[in-house]
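A quick write-up on the structure given underneath.
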Amino acid sequence: MCGICGVAGGDPAQGRELVERMCAAMVHRGPDDHGSVQLEGVTLGMRRLAIIDLEGGHQPMHNEDSTVWVVQNGEIFNHLELREQLLAAGHVFATQSDTEVLVHGWEQWGEQVVERLNGQFAFGLLDRRKSSLFLARDRMGIKPLHYAISSGRLVFASELKALLRDPELRRGVDPVALDEYLAHEFVPSPRSIVRGISKLRPGHTLTWSVAERTAKPRRYWAPQLNTGDGAGSRNLDEECAELRDALRASVRKELVSDVPLGVFLSGGIDSSAVTAMMTALGGDVKSFSVGFAERSFDEAPYAREVASHLGTEHHELVLEPSMMLGLIPRLSTLLDEPLGDASIIPTYLLSAFTRQHVKVALGGDGGDELFAGYPTLQAHRLAGYYTRMPGAVRRGLVEPLVRRLPVSHDNLSFDFRAKRFVAGAAHPVEERHQRWMGSFAHEERVALLAADVREGLASRNGDTLDDHASLDPLNQVLMLDMRLYLENDILVKLDRASMMASLEGRVPMLNNDFVAYATSLPLNMKLRGLRSKYLLKRALRGILPDRILERPKKGFGIPVAEWFRGPLREQLLSVLASERIVREGLFEAAAVKGLIDDHLAGRRDNRKQLWTLFAFEQWYEGYRRGG
């Protein structure tokens, strides 16, 4: 893992200085080594976290005649197979690093090299013969890459905070991105929260002509879901065996490392499945989990049960409220851009704890998106029945009863879920999903955003489901989860939290081959009736304890609702103070105050809305300070 950056065009001296500043902003991503090179008006830089070929993997890396140079963030898991193919074609390697297959692969296959890569990566490659800079990002968006085109230059970096070391790119908050952030709790690619800075989308490349100063994007991969009904498929025992084989193979691929590695173990099905495959492949497995003092959030007993069942060397960190609350003043540093997912706090603390023992940790991220594991899938199915209920019964009986449910601040409490369900059930699929998963509905954003910001809004991204509008509603939801929530929340959270702790996080359930297998399964192998992860759970019988397979899903969160009424009350009132809101001019102060008053009085549970605003203001304060 690394932090990478570069500048193409402009004054060479300024380019070199900017790359040094960008590298300095990403020391946490690569504390082991750093390097830079300036050639043909292009400056490349990197900070390295050494994982493979510790001695020989220095970057930027080049080919034999120094006509091709590359900086890479991530790992190429099939680099040994690619190396054999390239050696057979006559290429000469100078290192054992996975990064070197990129330069020789470029010589052999050109930009089609990305279609051969199985890994989690983002890289920038300079071809001096073609006078071009080639940027690429992995299929699922596991590793980040931001870029901006300004004054005839292309500037890129792993993190937004690095790009913001360029004063020319500090152009203020993008109002469209702000609206999307309030809707989703993250800013979906290709936008970023800062005007003029973009994210390279997953499965995309961008070629920059140094001479012509033009950019050409290309999509080289996109997920495709099986839309069949599963009729005529093989028997379930065969399907289960194939799933186990596919998962075991993906975990094996992602164990390549020259440093110690372990596994994040929450006690949920996905992380437990990855841990089980690791133990089955042999060797001592170190597992890591966190526990919470608040019982409705605590999964530590399940993690301990799995660790004992599988025989791992288990390490557990008990998170006291003071540990998590103490991290909140650092949110502006931890957040590369606003993220309304409060679980980034325990994710960072788990990463820092894990880093004391190992340098690489595997996890179970991606399983919910691939196997319909989120309760929202069940809710979408139930919504079909609910909306067929007579309108008079829904509006006159059910909804008034649900609105009168007493407010509870427990994790995923019944009243919280029921109120969100009835508020969104009657809307079209995509809007319904946004209302259930995000913070602010359209009408709430209209009331919240200041008039000047509303005037600056353009159309939101209209291509969320561009190639998939013909899918049935539940497959549309699976696609939304992959292309919105997984990419822009789950993977961003993992990358920023782990890299801030100088730990490499890996996600074998998002390995190319496993994604291809999982997306080939029909929907009824994932969601059967209201039974989520149907095939995955069946395949793990006898491998994991039944209690783990049958337990309800529990989110990885923190007691934000209670904290805002207790230890975070004064900070909430300070960060979202009306005078500050008025001074910044982004939100309507009265709307913000109403959210706070209702929550503190116990009239409504506004945890999601308030944390989304709180996280934004923490980030914005750091941005305004120049952080």
Side-chain angles (χ1 to χ4, degrees), residues 140 223-254 263 265-281 302 306 309-310 362-382 468 471-482 485-486 490 507-554:
M140 299 301 291
Q224 300 293 329
L225 295 178
N226 182 341
T227 58
D229 60 8
S233 62
R234 293 181 301 165
N235 68 52
L236 281 175
D237 288 339
E238 292 174 338
E239 292 286 359
C240 288
E242 185 172 347
L243 191 156
R244 288 190 295 268
D245 288 345
L247 182 56
R248 188 181 303 110
S250 292
V251 170
R252 181 187 293 112
K253 291 182 181 78
E254 303 211 4
V263 61
L265 177 58
S266 69
I269 292 171
D270 303 327
S271 66
S272 299
V274 170
T275 306
M277 296 302 108
M278 290 177 70
T279 59
L281 290 167
Y302 299 108
V306 173
H309 180 78
L310 297 175
L362 279 65
D365 294 311
D368 285 318
E369 291 79 9
L370 293 175
F371 290 95
Y374 291 121
T376 45
L377 268 295
Q378 299 161 319
H380 279 287
R381 178 155 278 177
L382 288 173
H468 309 283
L471 293 175
D472 65 88
L474 290 180
N475 272 317
Q476 286 187 36
V477 173
L478 285 177
M479 190 61 67
L480 284 169
D481 282 341
M482 278 193 287
Y485 186 58
L486 176 63
I490 298 298
V507 280
M509 283 191 165
L510 297 182
N511 186 277
N512 289 7
D513 296 336
F514 194 71
V515 169
Y517 165 75
T519 54
S520 73
L521 293 171
L523 180 64
N524 75 342
M525 288 293 182
K526 304 169 185 179
L527 182 67
R528 184 162 294 194
L530 294 179
R531 291 175 290 175
S532 62
K533 293 185 176 176
Y534 176 76
L535 183 65
L536 180 63
K537 291 178 181 178
R538 186 181 179 97
L540 295 170
R541 287 180 185 171
I543 296 175
L544 296 176
D546 289 344
R547 193 167 83 105
I548 299 301
L549 297 175
E550 295 165 4
R551 61 177 287 238
K553 182 172 178 58
K554 180 179 292 195

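- Note: Lys253 NZ to Phe514 CZ = 11.0 Å, rounded to the nearest 0.5 Å.
- Separating the NZ atom in Lys537 from the CG atom in Leu243 is a distance of 13.5 Å, to the nearest 0.5 Å.
- Two residues are said to be in side-chain contact when any heavy atoms from C-beta on lie closer than 4.5 Å; Val274 and Val263 meet this criterion.
- Smallest separation of non-hydrogen atoms from Ser520 and Asn226: O-ND2, 2.6 Å.
- Taking every heavy atom of both residues into account, Gln476 and Leu471 meet most closely at NE2-O, 2.8 Å.
- To the nearest 0.5 angstrom, Leu523 atom CG is 9.0 Å from Leu225 atom CG.
- Considering only heavy atoms from C-beta on, Leu370 stays 4.5 Å or farther from Leu521 through its side chain.
- Closest non-hydrogen pair, Gly268 versus Ser272, comes out as O-OG, 2.6 Å.
- A distance-only check finds no donor-acceptor pair linking the side chain of Glu369 to the backbone of Asp481 [under 3.5 Å].
- Between the side chain of Arg551 and the backbone N or O of Gly267, at least one donor-acceptor pair lies under 3.5 Å.
- Take Arg547 and apply the salt bridge (charged side-chain N to carboxylate O under 4.0 Å, His left out) test, not counting sequence neighbours, and it matches Glu305.
- Of all heavy-atom pairs between Gly367 and Lys533, the closest is O-CE, 4.0 Å.
- Atom OG of residue Ser271 and atom CD1 of residue Ile548 lie 9.0 Å apart, to the nearest 0.5 angstrom.
- Between the side chain of His380 and the backbone N or O of Pro375, no donor-acceptor pair lies under 3.5 Å.
- The shortest distance between side-chain heavy atoms of Met479 and Pro223 falls below 4.5 Å.
- Arg381 places a side-chain N or O within donor-acceptor distance of the main-chain N or O of Gly529, the cut-off being under 3.5 Å.
- Here the side chains of Tyr485 and Leu480 are not in contact, with every heavy-atom distance at 4.5 Å or above.
- A side-chain contact (heavy atoms from CB on, under 4.5 Å) with Asp270 is found for one member of Leu536, Leu247, Asp365 and no other, namely Leu536.
- Nearest heavy atom pair, residue Lys526 against residue Leu478, reads CD-CD1, 4.2 Å.
- Contact annotation: the side chain of Leu236 approaches that of Leu535 to within less than 4.5 Å [non-hydrogen atoms, C-beta and beyond].
- Rounded to the nearest 0.5 Å, atoms CG (Asn524) and CG (Leu474) are 11.5 Å apart.
- Nearest heavy atoms, Ala276 versus Leu544: CB-CD2, 4.2 Å.
- Ring centroid separation for the pair Tyr534 and Phe371 does not come in under the 6.0 Å cut-off.
- Asp546 is linked by a side-chain hydrogen bond (donor to acceptor under 3.5 Å, both in side chains) to nothing, counting only residues two or more places apart in sequence or in another chain.
- In terms of the side-chain hydrogen bond (donor to acceptor under 3.5 Å, both in side chains) criterion, Arg531 has no residue partners (sequence neighbours excluded).
- Between atom CD1 of residue Ile490 and atom CE of residue Met140 there is a gap of 12.0 Å, rounded to the nearest 0.5 Å.
- Contact of the Asn511 side chain with the Val515 side chain is not registered, since no non-hydrogen atoms from C-beta on lie closer than 4.5 Å.
- Counting only distance, with no hydrogens or angles, the side chain of Ser532 and the backbone of Leu527 share no donor-acceptor pair below 3.5 Å.
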